[in-house]
Every structure is written in structure tokens, then in C-alpha cells.
Amino acid sequence: KAGVTQTPRYLIKTRGQQVTLSCSPISGHRSVSWYQQTPGQGLQFLFEYFSETQRNKGNFPGRFSGRQFSNSRSEMNVSTLELGDSALYLCASSLSGISEAFFGQGTRLTVV
Amino acid sequence: AQRVTQPEKLLSVFKGAPVELKCNYSYSGSPELFWYVQYSRQRLQLLLRHISRESIKGFTADLNKGETSFHLKKPFAQEEDSAMYYCALSRQGAQKLVFGQGTRLTINP
């Protein structure tokens, strides 16, 4: 079956702009989580959605937001981009909150 | 606070030698522990989790609650084991992983 798909794979944005990243989970998976990966901070949890509701949230500013649609696809939005937002953003899906998480290949965001 | 520490950023061993990747954690409660692996140009994937108590690709990991450790071990390393390894924890029932900084394992021929 198809894995977790993230689009786009690469993105270049200018400071102050906003960006939307998309994640399509494995069919049947209802939980979608987002992570930010940077060389300095490593992998950090952003938030998790389950059945269209945010269930867990990490320690990121309000500029980072997300949503989940009825088909379990999820989007992540970052407003007023800063240089420090440059990172690899990973999405993971799972059947429920206690099962194995399957990761996508990530979207590499560069803010200039 | 929840924290995962992997003390070695880089680890290099020879093929056929034993491998141990260290992971220590701090957590007030009963966490669920995982090892994730990322091979070159591949996505992050689950290697094993403590509740399953399985051996995957020859790797095992035992949860030591007294020492708050979850070290990953393999008795005989193979070249295909070269990868980035991440230890992670979550609260039981929560899909919120806290990752260590990772250890890059290189197996020399």
C-alpha cells in the first residue's frame, strides 16, 4: 500500500511569507503527527491530529498551525516565516495513537 | 520534563563486532520506548519498540527502568546496519514522540 506522502518535497520562501505543507497518510490511518527536524534541535514534535481534532501540541509558537480533513489528510501552516523556520518537516501517520508511526519523506523548507 | 539522551553522535565499529547504541531517558511515569532508523536516502522507520520485545534485523533493546536506559544491541554488526539511529519515547497511548539527537552508526568492512 502507498506510504505517507508529503508535498511539496522542496520549498523556498521569503521571510514574512506564509507556507502550507500537505500530508496524505496511509489509507485507514486516522492519526497524523508533524515534526520539525533541524541540525541544531533535532526532531521536535509540532502537533498531532486525530479524527480532525488536535490531540497533542508541542512547544512551538502560534505561527505554526495545522488542520486535518475528514479524509485524514493534514496540512500544516506557518505564517510570518522566519529564517529559523528553515527545516525538514516530517509527517507521520498511524492507525491510532498507540500504534507504529509511519513517516513521510519530508518537505524541506528554506526561508531566505 | 521528558528527555532522551543519546551520548554518542558518531559510532564506528568493524563488521562482525558487537554494537551497542546508548539511550537514556528521563520521564515521570511509564513511557513507551522506541528505536527508529534512517538508512541513506530512505525515510525514518520504526526498528523496534520495547513492548513488543522482538528482535528485528538482529537488534534487541531492553528497557531498564532502574537505570532509565534503553540501549540498542546487536552481537555481530553488518555493513547494511550503517544508518542514523534515533531513540524516542512517548507517554503510553499518546502519539507524541520525544526523540534523542541520534547516533550515526558506521560499520567498517
Side-chain angles (χ1 to χ4, degrees), chain A residues 1-7 9-10 23-26 29-51 53-60 66 68 72 74 87-108, chain B residues 1-10 21-27 29-54 56-57 59 61 83-105:
Chain A
K1 58 184 175 183
V4 178
T5 304
Q6 292 188 245
T7 56
R9 291 291 310 279
Y10 303 92
C23 173
S24 293
I26 292 172
H29 285 193
R30 295 167 64 190
S31 170
V32 174
S33 303
W34 289 89
Y35 294 82
Q36 182 195 64
Q37 186 174 28
T38 60
Q41 300 297 319
L43 279 153
Q44 292 186 286
F45 174 80
L46 281 154
F47 29 66
E48 182 224 355
Y49 286 86
F50 183 82
S51 294
T53 301
Q54 187 180 86
R55 193 161 64 169
N56 287 291
K57 190 177 188 308
N59 297 322
F60 278 81
Q68 187 180 34
S72 293
S74 177
L88 181 67
Y89 290 88
L90 293 173
C91 164
S93 77
S94 65
L95 278 169
S96 70
I98 58 173
S99 58
E100 175 181 351
F102 293 83
F103 282 82
Q105 292 196 302
T107 294
R108 183 162 298 281
Chain B
Q2 303 171 23
R3 184 188 293 261
V4 176
T5 303
Q6 293 179 250
E8 305 133 330
K9 278 191 172 179
L10 302 170
L21 289 83
K22 291 184 168 49
C23 172
N24 289 90
Y25 67 91
S26 62
Y27 185 83
S30 295
E32 192 166 352
L33 274 296
F34 307 84
W35 276 99
Y36 278 82
V37 61
Q38 187 167 29
Y39 300 103
S40 179
R41 296 191 185 88
Q42 294 188 27
R43 58 188 70 193
L44 195 61
Q45 59 186 282
L46 179 67
L47 180 62
L48 52 80
R49 55 198 303 180
H50 87 272
I51 60 170
S52 62
R53 304 183 71 83
E54 291 177 301
I56 305 293
K57 299 185 179 182
F59 284 97
M84 193 74 178
Y85 290 80
Y86 294 94
C87 182
L89 68 76
S90 73
R91 176 172 55 86
Q92 286 190 7
Q95 189 53 269
K96 175 183 176 181
L97 293 164
V98 175
F99 284 91
Q101 290 283 48
T103 297
R104 182 167 296 283
L105 176 64

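In what follows, chains are A, B, ... by sequence order, proteins preceding strands, each numbered from 1.
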Measure the shortest side-chain to side-chain distance between A:Asn56 and B:Arg91 over non-hydrogen atoms and say whether it is less than 4.5 angstrom. yes
Would you please name every residue forming a side-chain hydrogen bond (donor to acceptor under 3.5 Å, both in side chains) with A:Trp34, sequence neighbours left out? A:Ser74
Pairing residues for A:Tyr35 by the side-chain hydrogen bond (donor to acceptor under 3.5 Å, both in side chains) criterion, not counting sequence neighbours: none
Does a side-chain heavy-atom distance below 4.5 Å link A:Phe103 with B:Tyr36? yes
Portion of A:Gln6 that has a non-hydrogen atom of chain B nearer than 4.5 angstrom: neither
Residue-level interface, residues 38-45 of chain B with chain A, non-hydrogen cut-off under 4.5 Å: B:Arg41, B:Arg43, B:Leu44
With sequence neighbours excluded, tell me which residues meet side-chain hydrogen bond (donor to acceptor under 3.5 Å, both in side chains) with A:Tyr49. A:Gln54
Taking side chain as everything from C-beta outward and backbone as N, CA, C, O, which of these in A:Gln44 sits under 4.5 Å from a heavy atom of chain B? Side chain, backbone, both or neither. neither
Nearest 0.5 angstrom please: A:Ser94 OG to B:Leu97 CG, how far? 9.0 Å
Below 4.5 Å, heavy-atom pairs only: which of A:Gln41, A:Lys57, A:Gln105 has the largest tally toward chain B? A:Gln105
In the structure I gave you, are the side-chain heavy atoms of B:Val98 and A:Phe45 within less than 4.5 Å of one another anywhere? no
